[in-house]
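Read the structure below first, then the notes.
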Amino acid sequence: MVVLSAAAIMATTARTARAQSVEELRTLSLEDLTSIQVTTVSKSTEPLSDAPAAVYVISHDDIIRSGATTVPEMLRMAPNLEVVQINASSYAISARGFNVGDNASLSNKLLVLINGRSVYTPMFGGVYWDSIEVLPEDIDHIEVISGPGATLWGANAVNGVINIITRKSSDTQGGLLTFGAGNLEREVELQYGGRLAPDLTYRVHAEYQDFSANKQENGAGGGDGWSRPEGGFRMDWTPSSDTVSLQGDVYTANEDPSNYLSGRDVLASWQHQFQNGSSLQVQAYGDDEGRYTLGNSGFSVNTYDFEIQHSVTLAGINDVVWGVGERNFGYRFENTALQLVPPNADLNLANIFAQDTITITNRLKLTPGIKLEDEPYAGLQVMPGMRLAWKVTDSALFWSAVSRAVRSPTPVDETIREYLGTIDFLNGSRGFRPEVVTAYEAGARVQATARGSFSVSVFDNIYDDLRSIEPSSPVFFPLVFRNLLSGHVYGVELWGDFRVTDWWRLTAGFNIQHESFHYKPGTSGLGTLAFTADDPNHQASLRSSIDLGSKVTWDTSFRYIGALPLPAVPAYAEVDTRVGWKVMPSLELSVTGSNLLHPQHEEFFEDGETDNVPRSFYLAARWGF
């Protein structure tokens, strides 16, 4: 199953109308009409209908029609994610549990990539969502996989992988100017794409966003407004059998009351297609990020990564992908209440992986794989996996998988020292081990009718060596990080897509999961489970996309999120809607309303950080030239 916008369906219909009648097109599935390809499941291009994983695709048109202007708000469309807003700039996002309270903005078991570049911070573990910005116009699609992906992507792909894939510069030629303003957000974007040679294209962009503070429960301002200027470029060169791209970004951000962010990144990739059908890909990137207060208290992290990947078909039945990589990151802590010992370090991670998709019959494939990583703190880690895909018919896929993944120790786990006044309060542990999951999954993706499809997956995850907080011996303080917690999470994920008419499409999602955690012998139980996971037992969503003629679109989404147990947050329901009007081919006006059911609501609780999410309205104009 895949979520596809009605606009994309209409565009594909227009392209193929010369070859097929309208009646013939109406009998095709949504996946046939759009030929959606995914790359994150197997690190090679394959049809979504053949991908043996719980993968959900958010298309470019879905993003534009939603009215979302930030990546976290775009991800609310994925029914296999838990997305909560903590304050004006912070979100907690996870898959299959493990959104946490005491460190919520860095839920640490979901790997996030942009064109294969990891934006998971190796410092604390997790993702700083306020440092991620990709223009909606530039996103081709977002692949959201719930379930481990460590066999290909390595440590920290424990409960899922998100890969944001941007459009080639050849797909964004010409200019685009966007203005937007509302009661919470102001934004201006300018982008231009051009051609330097028949096979060499480019684009450049600049953007400024300004966000007002959210509301506290008593109605007062949260004092957490923020602003972010950002710019970037991309170049694509496609000579003969090669594909070369170079892209980069730079940003700064000011967050009330006193935080300052800055970052820059550059990514280069080269892919060569050999005449025998095999391919070679080389990718390298650098990423520098700093987070400071106005008093120059904070930290910086510099990451440099180099990867080589080779894909080849052997004996006609073995599709092998393998590769090696090297990553170095250095950090620097300065004048912070949290100290690392030492405050500066350079750490290195090396890896090698291999995966073989074996064609047993035309409809049955077995995919074993393994990744070996030499972690800077934990040493050699082995992450194997096995997937079985059975294409029962052209419209039905059944799959199952078993895999092992780890969340690798961070400098904070190993070397942190936190003081409360003169008290040495919390220390890392040099013996901290990786957190481990053994995951069992099964699922089905079915095109049930010409107009409807669905995906269902079940999972059973067993966790060991989860992080706990223990008193040191023989004295109580300092507290130290240990691995004296285990866990068990199981559940069901379901989503579906139904095209009611040629101009009306419905998509729906539902998931339910059960979490249980157990302290091992010898633990103190000091660290409450809020330090580990605070997740709803269930959540549901429904989205409607309507084309009111050829110029007006109306999209509405409803979400229901169950109550959070610890810290307790009540269940809530909300509605977002957007109406877009194509005034002329080069100009679109739109109005978006978000969180319309309540003046404000709470989505999460983190002491000293949380405020309520208010109702908002946003007017925008997009002019292409």
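Reckoned from all heavy atoms, side chains included, excluding hydrogens, waters and symmetry mates.
With sequence neighbours excluded, no residue satisfies side-chain hydrogen bond (donor to acceptor under 3.5 Å, both in side chains) with Thr121. Every salt bridge (Lys or Arg N to Asp or Glu O under 4.0 Å) that Arg228 has, sequence neighbours left out, goes to Glu133. Contacts of Phe299 classified as ring-ring contact (aromatic ring centres under 6.0 Å, His included), with partners at least two apart in sequence or in another chain: Phe124, Phe333. Qualifying side-chain contact (heavy atoms from CB on, under 4.5 Å) partners for Tyr208, counting only residues two or more places apart in sequence or in other chains: Val188, Asp210, Ser227, Pro229.
Under a cut-off of 6.0 angstrom, the local environment of CZ in Arg167 is crowded, with over 12 non-hydrogen atoms contributed by other residues, nucleotides or ligands. The number of heavy atoms from other shown groups lying within 6.0 Å of NZ (Lys582) is above 12.
To the nearest 0.5 Å, the span separating CZ on Arg264 from CG on Asp288 amounts to 5.0 Å. Here Gln85 contributes atom CD and Asn214 contributes atom CG; the two are 5.0 Å apart, rounded to the nearest 0.5 Å. Rounded to the nearest 0.5 Å, atoms OG (Ser453) and CZ (Phe498) are 10.5 Å apart. Put simply, OG1 on Thr293 and CZ on Arg291 are 12.0 Å apart, with the number rounded to the nearest 0.5 Å.
Classified by interplanar angle (parallel below 30°, tilted 30° to 60°, perpendicular above 60°), the ring pair Tyr192/Tyr202 is tilted.
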message = Would Asp224 and Lys215 count as a salt bridge (charged side-chain N to carboxylate O under 4.0 Å, His left out) here? Give the steps.
response = CA-CA 9 Å; Asp224 55 359; Lys215 299 290 186 180; over 6 Å; no
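In this structure, Asp236 pairs ionically with Arg234, as a charged nitrogen and a carboxylate oxygen lie closer than 4.0 Å. Remark: Arg96 does not engage Asp535 in a salt bridge, criterion side-chain N to carboxylate O under 4.0 Å.
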Can I get a per-line list of side-chain donor-acceptor pairs under 3.5 Å for residues 585-592, giving both atom names and the distance, sequence neighbours left out?
unit_1	atom_1	unit_2	atom_2	d
Glu588	OE1	Arg578	NH2	3.4
Glu588	OE1	Arg622	NH1	3.3

Side-chain donor-acceptor pairs of residues 556-565 under 3.5 Å, sequence neighbours excluded:
unit_1	atom_1	unit_2	atom_2	d
Thr556	OG1	Trp554	NE1	3.1
Thr556	OG1	Thr577	OG1	2.9
Arg559	NE	Tyr572	OH	3.3
Arg559	NH1	Asp576	OD2	3.3
Arg559	NH2	Asn595	OD1	2.9
Arg559	NH2	Glu603	OE2	3.3

